Amino acid sequence: MKNIMVRGALASVLFLAFFALYLNTAHPVYKNNDSPGITAVSYILGVGHPPGYPLFTMMGKAAMLVPAGNPAFRLNLLSSVLALLALALFYGVLREVLRKFNGAGLPAALIFTALLGISQAFWSQAIEAKGGIYMLNLVFLASLFITSMRLFKAPGVKWLYLHIFIFCLSLSNHWPSMLVFA
């Protein structure tokens with residue numbers, strides 16, 4: 001029991017640190033890419049350039065209701081929250097994969113998760129509106145890995161249905177990359 005609390009505390013500290021880091025480095029408005037267009041599309045619930053990202057657009061509209069900063073910052077904040085969720089799921093995948101290594105699994109999972117969180121590619125996408133599309137893709141991808149591992153470990157219809165549901169939902173975000181995964 002004490003071991004579980006220590007693991008939870010360590011992971012919580014790591015994710016709070018990343019949230020503070022992403023919040024303090026998030027763009028206050030737009031980055032010079034597709035972020036202004038994505039913010040405008042989310043604000044009016046319009047249709048962006050192909051593939052359109054309908055799920056992210058609806059999530060962006062919900063993020064517009066958060067009373068924090070301007071609409072662009074709200075979408076940047078959504079990207080940061082999705083990045084934290086992607087990191088948490090990545091940590092879960094690593095914990096499952098590294099479980100075989102007895103005591104080395106927790107430190108390794110924390111270290112690799114921290115390295116991903118501070119990597120230039122991940123961090124730059126975690127603090128801007130356009131990056132939220134990719135962060136949502138990573139959430140789907142990690143979720144699919146988790147459900148795949150569950151299916152291999154203990155096959156069952158509920159895990160298969162969840163896996164299919166997540167995959168189909170992922171097609172409403174950035175379908176080309178998800179088809180590559182399939």
Side-chain angles (χ1 to χ4, degrees), residues 5-43 45 48-49 51 53-98 105-146 166 169-170 172-174 177-178 181:
M5 291 178 62
V6 169
R7 280 187 295 198
L10 285 172
S12 297
V13 166
L14 179 69
F15 292 111
L16 286 174
F18 275 119
F19 185 65
L21 177 69
Y22 295 155
L23 187 61
N24 286 315
T25 58
H27 293 280
V29 284
Y30 304 115
K31 185 175 177 188
N32 189 16
N33 58 10
D34 289 344
S35 292
I38 289 168
T39 303
V41 164
S42 293
Y43 191 76
L45 275 181
H49 65 76
Y53 321 112
L55 181 61
F56 186 76
T57 300
M58 289 186 288
M59 292 175 73
K61 182 63 174 181
M64 296 295 169
L65 302 174
V66 174
N70 58 52
F73 179 74
R74 293 173 192 164
L75 215 53
N76 296 340
L77 188 61
L78 173 63
S79 296
S80 295
V81 170
L82 289 170
L84 290 174
L85 183 57
L87 284 174
L89 291 168
F90 179 74
Y91 173 75
V93 168
L94 285 176
R95 287 283 301 142
E96 188 70 30
V97 169
L98 298 173
L106 173 67
L110 286 172
I111 289 168
F112 288 129
T113 302
L115 288 174
L116 174 63
I118 62 170
S119 69
Q120 193 275 334
F122 190 90
W123 188 352
S124 69
Q125 297 301 310
I127 60 173
E128 62 166 291
K130 171 75 172 178
I133 292 164
Y134 306 118
M135 291 299 133
L136 184 56
N137 245 24
L138 289 176
V139 166
F140 285 134
L141 191 61
S143 300
L144 289 169
F145 272 114
I146 290 171
I166 292 169
L169 192 60
S170 74
S172 68
N173 185 48
H174 196 270
S177 60
M178 296 315 290
F181 175 73

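The structure presented is a predicted model; accordingly, all values stated were derived computationally and were not measured.
- Remark: Arg95 CZ to Leu110 CG distance equals 8.0 Å, nearest 0.5 Å.
- For the atom pair Met135 CE and Leu84 CG, the distance stands at 10.0 Å (nearest 0.5 Å).
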Test log, rule side-chain contact (heavy atoms from CB on, under 4.5 Å), inputs Leu45 and Thr57 = CA-CA 7 Å; Leu45 275 181; Thr57 300; 4.1 Å; yes

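- With sequence neighbours excluded, no residue forms a side chain to side chain donor-acceptor pair (under 3.5 Å) with Ser119.
- The minimum heavy-atom distance linking Leu116 with Phe122 is given by the pair O-CB, 3.2 Å.
- Taking each heavy atom of Tyr22 and Leu87 in turn, the nearest pair found is OH-CD1, 3.8 Å.
- In this structure, Ala142 and Leu89 approach most closely via the heavy-atom pair CB-CB, 3.5 Å.
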Run the side-chain donor-acceptor check on residues 63-72: report pairs under 3.5 Å with partners two or more places apart or on a different chain.
from  : atom 1 : to    : atom 2 : distance (Å)
Asn70 : OD1    : Ala72 : N      : 3.0
Asn70 : OD1    : Phe73 : N      : 2.7
Asn70 : ND2    : Pro28 : O      : 3.2

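- In this pair, Phe15 and Tyr91 present their aromatic rings perpendicular. The plane angle is above 60°, beyond the 30 to 60° band.
- Taking the side chain as every heavy atom from C-beta outward, Gln125 and Leu138 never approach each other to under 4.5 Å.
- Using a 4.5 Å heavy-atom cutoff, the side chains of Phe56 and Leu78 are in contact.
- Looking only at distances, no side-chain donor or acceptor of Ser42 sits under 3.5 Å from a matching main-chain atom of Thr39.
- Taking both residues in full, the closest heavy atoms of Leu98 and Ala108 are given as CD1-CB, 3.6 Å, listed atom of the first, atom of the second, then distance.
- Considering CG of Leu141 and CZ of Phe90, their distance stands at 10.5 Å, rounded to 0.5 Å.
- Remark: the backbone N or O of Ala126 is not paired with any side-chain donor or acceptor of Ser79 at under 3.5 angstrom.
- Note: Leu23 CG to Leu16 CG = 11.5 Å, rounded to the nearest 0.5 Å.
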Please step through side-chain contact (heavy atoms from CB on, under 4.5 Å) for the pair Phe145 and Val97, ending with a clear verdict.
-> CA-CA 11 Å; Phe145 272 114; Val97 169; over 6 Å; no

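- The shortest non-hydrogen separation linking Ala129 to Leu75 is CB-CD2, 3.7 Å.
- In this structure, CZ in Arg74 is found 8.0 Å from OH in Tyr43, a value given to the nearest 0.5 Å.
- When all heavy atoms are compared, the tightest approach of Trp123 to Gly117 is CB-O, 4.0 Å.
- Note that CG of Asn137 is 9.0 Å distant from OH of Tyr134, once rounded to the nearest 0.5 Å.
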